[in-house]
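Everything below concerns the one structure shown next.
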Number of protein chains: 2
Amino acid sequence: MKKNTLGHLQKNTLREQIVTLLAKKIINNAIQPGDKLPSERDIAADLDVNRATVREALKKLETLGLIEIRHGEGIFVNDYRSSGNLELFRMMIYLNDTIPLSILQDVLEMRKIIVPEMAARAVQECSVSDLEEFTLIINEQEDILEKDLAVHHFIAKTSNNMLYIFILHFFNQIFRDFGYLYFENPDNRKRSEQFHQQLYKAFQDKKAEKAFSITRDVLEYTEKRIFDYYTKTYSNKR
Amino acid sequence: MKKNTLGHLQKNTLREQIVTLLAKKIINNAIQPGDKLPSERDIAADLDVNRATVREALKKLETLGLIEIRHGEGIFVNDYRSSGNLELFRMMIYLNDTIPLSILQDVLEMRKIIVPEMAARAVQECSVSDLEEFTLIINEQEDILEKDLAVHHFIAKTSNNMLYIFILHFFNQIFRDFGYLYFENPDNRKRSEQFHQQLYKAFQDKKAEKAFSITRDVLEYTEKRIFDYYTKTYSNKR
DNA sequence: ATAATAATAGTGGTTGAACCACTGAACCAC
DNA sequence: GTGGTTCAGTGGTTCAACCACTATTATTAT
């Protein structure tokens with residue numbers, strides 16, 4: 001493989017390789033916020049790829065909020081800690097081999113704040129046909145992970161807050177990738193089934209406060225179990 | 001929109017025009033989820049632009065979660081309601097001339113849930129040097145809008161939850177563009193100054209519960225004033 | 001006839017060279 | 001100083017061609 005100053009390329013399409021390469025450099029602070037990147041022509045020459053390919057990669061990095069491209073001036077690195085968006089946050093999770101504990105904590109904490117509130121609101125907005133949909137989810141979905149994700153998505157949709165749907169989708173993307181580990185444990189599977197049943201009853205009875213506490217409790221249980229698992233698995237590395 | 005002396009200029013690269021054009025078609029359901037878009041070549045020919053330009057636009061739409069590009073197959077429209085991200089949500093605000101009331105409600109509601117919790121957490125995490133930074137923000141920032149944004153950013157940073165920083169940045173992007181209207185009102189300016197002072201005291205005294213209630217109260221005030229303004233301004237259109 | 005295989009058409013991915021449009025700096029004229 | 005002019009460097013766009021992947025169709029072997 002060709003040696004160059006920016007690093008090596010390996011993965012899928014050339015463009016995605018460039019995205020990953022530059023994103024890593026920025027997130028790992030190899031390139032500092034405010035720094036100016038080499039020109040598109042220089043990057044292309046350095047990586048030995050075409051300028052159009054580099055431009056597509058840069059366009060993605062710009063949409064992720066990692067860089068700012070100024071016509072006639074150049075390409076500048078943003079401070080992703082203050083200018084990033086959730087898609088970037090998600091990317092950071094997958095950039096490393098293991099999900100950093102700090103990020104996991106952040107996600108679980110935010111989830112614990114938002115989801116119970118939204119469950120309470122969903123109860124208030126829940127119509128008869130919504131409740132029927134809830135029944136279908138609980139009874140017809142075999143896979144426990146998919147069922148749990150569907151329940152959360154139902155909460156999001158029924159809350160009638162589009163912003164919540166988007167944020168929840170972000171949560172679900174993460175838990176779809178890591179949740180299968182969680183549900184390998186029979187206790188956890190049982191706890192989730194219990195949650196679904198309890199929550200359904202709260203929706204049936206229109207008890208918003210009940211839905212709130214039920215949801216908060218299961219998320220606290222989940223958080224505890226995930227931390228246990230995490231510290232057990234990686235304790236030797238820390 | 002953004003305020004400046006002479007008025008609002010719209011920047012317009014060909015690529016961004018294409019992004020806006022296609023995004024509107026998708027969000028307004030002129031193109032349905034699951035639909036296949038014309039090929040890159042056909043789109044380029046249809047719009048009378050080069051294929052490379054179209055590709056850059058498509059790359060952005062893909063990063064926004066609006067479409068999925070499959071090598072050898074084609075371009076497919078996603079269901080943005082379940083696959084979108086916050087950057088897309090933000091774009092939806094600016095696609096129309098006026099920010100839809102429903103979206104405004106969603107944002108304000110979510111803000112009311114998240115920010116007080118984070119303020120409480122920030123108090124607990126707040127160090128002496130953090131408090132000094134808070135002092136600087138309150139005393140040295142002249143512009144009330146910038147000061148308010150800085151206070152919120154301080155809360156986010158001090159809470160030590162990176163996910164919150166990202167979500168708050170999303171809020172701030174919106175309020176930076178619309179907040180000047182809000183602060184034209186002297187009552188609102190005064191209310192915010194009061195909030196900053198009260199919150200600083202809560203941080204000083206390490207009163208997390210106090211910070212929570214103070215923040216919740218000001219957000220409720222803000223929400224009310226914004227709705228008043230909105231319904232007053234657009235009442236004839238509805 | 002059927003199943004495996006090969007050719008084909010259509011799609012996105014990449015390339016190279018060229019030119020346009022914008023920015024900042026240096027220089028010039030007033 | 002102030003305002004133009006030029007120039008070099010940057011991103012934005014174009015064109016024409018080819019590569020790589022996918023699904024379909026035609027062909028072949030059984």
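Residue numbering restarts at 1 for every chain, and letters A, B, ... go by the order of the sequence lines. We use all heavy atoms of the structure for the numbers below, so side chains are in, but hydrogens, waters and symmetry mates are not.
Computed from coordinates, the B:His71 NE2 to C:dG13 P distance equals 6 Å when rounded to whole Å. Rounded to an integer number of Å, the gap from B:Arg55 CZ to C:dG13 C1' is 5 Å. A:Arg70 has its CZ atom 13 Å from the C1' atom of C:dC22, to the nearest Å. Taking atom CG of residue A:Asp42 and atom P of nucleotide D:dT10, one finds them 6 Å apart after rounding to whole Å. A:Leu37 has its CG atom 13 Å from the C1' atom of D:dG11, to the nearest Å. Across the protein-nucleic acid pair, B:Asn12 atom CG and C:dA21 atom P stand 15 Å apart, rounded to whole Å. Atoms CD (A:Glu16) and P (D:dC21) sit 15 Å apart, rounded to a whole Å. When the C1' atom of C:dG12 is taken as reference, atom CD of B:Glu40 falls 5 Å away, rounded to whole Å.
The pair B:Lys147-B:Glu142 does not count as a salt bridge, with every side-chain nitrogen at least 4.0 angstrom from each carboxylate oxygen. Between B:Glu62 and A:Lys60, none of the side-chain N atoms (NZ, or NE/NH1/NH2) sits under 4.0 Å from a carboxylate O, so this pair counts as no salt bridge. Using a 4.0 Å cut-off between a side-chain N of Lys or Arg and a carboxylate O of Asp or Glu, A:Arg90 and A:Glu87 qualify as a salt bridge.
For A:Thr13 and C:dG12, the shortest distance from a side-chain N or O to OP1 or OP2 is not below 4.0 Å. Proximity of B:Thr53 to the phosphate of D:dG12: no side-chain N or O atom is located under 4.0 Å from OP1 or OP2.
Summary of the strand contacts: B:Gly72 and A:Arg15 both lie near DNA chain C, and taking for each the nucleotide with the nearest heavy atom, the more 5' one is attributed to B:Gly72.
Of the candidates C:dG12, D:dA23, D:dT14, the closest approach to any side-chain atom of B:Ile75 belongs to C:dG12. In this structure, the nucleotide among C:dT15, D:dT14, C:dG13 sitting nearest to the side chain of B:Leu14 is D:dT14. Proximity note for A:Ala52 (side chain, C-beta onward) versus C:dG24, C:dT15, C:dG13: the nearest is C:dT15.
Base pairing of D:dC21 is made with C:dG10, judged by Watson-Crick or G-U wobble geometry with both donor-acceptor distances under 3.5 Å.
Put simply, the side chain of B:Arg41 and the base of C:dG12 share a donor and an acceptor less than 3.5 Å apart. One N or O donor and one acceptor, one from the side chain of B:Arg51 and one from the base of C:dG13, sit under 3.5 Å apart.
The backbone N or O of A:Thr63 lies less than 3.5 Å from a partner atom in the side chain of A:Asn85, making a donor-acceptor pair.
Nucleic acid contact for A:Leu58: none, since no nucleic acid atom lies under 4.0 Å from a heavy atom of the residue. Residue B:Lys59 is classed as a sugar-phosphate contact, given heavy-atom separations below 4.0 Å to backbone atoms only.
Within a 6.0 Å sphere centred on OH of A:Tyr180, heavy atoms belonging to other residues, nucleotides or ligands number 12 at most.
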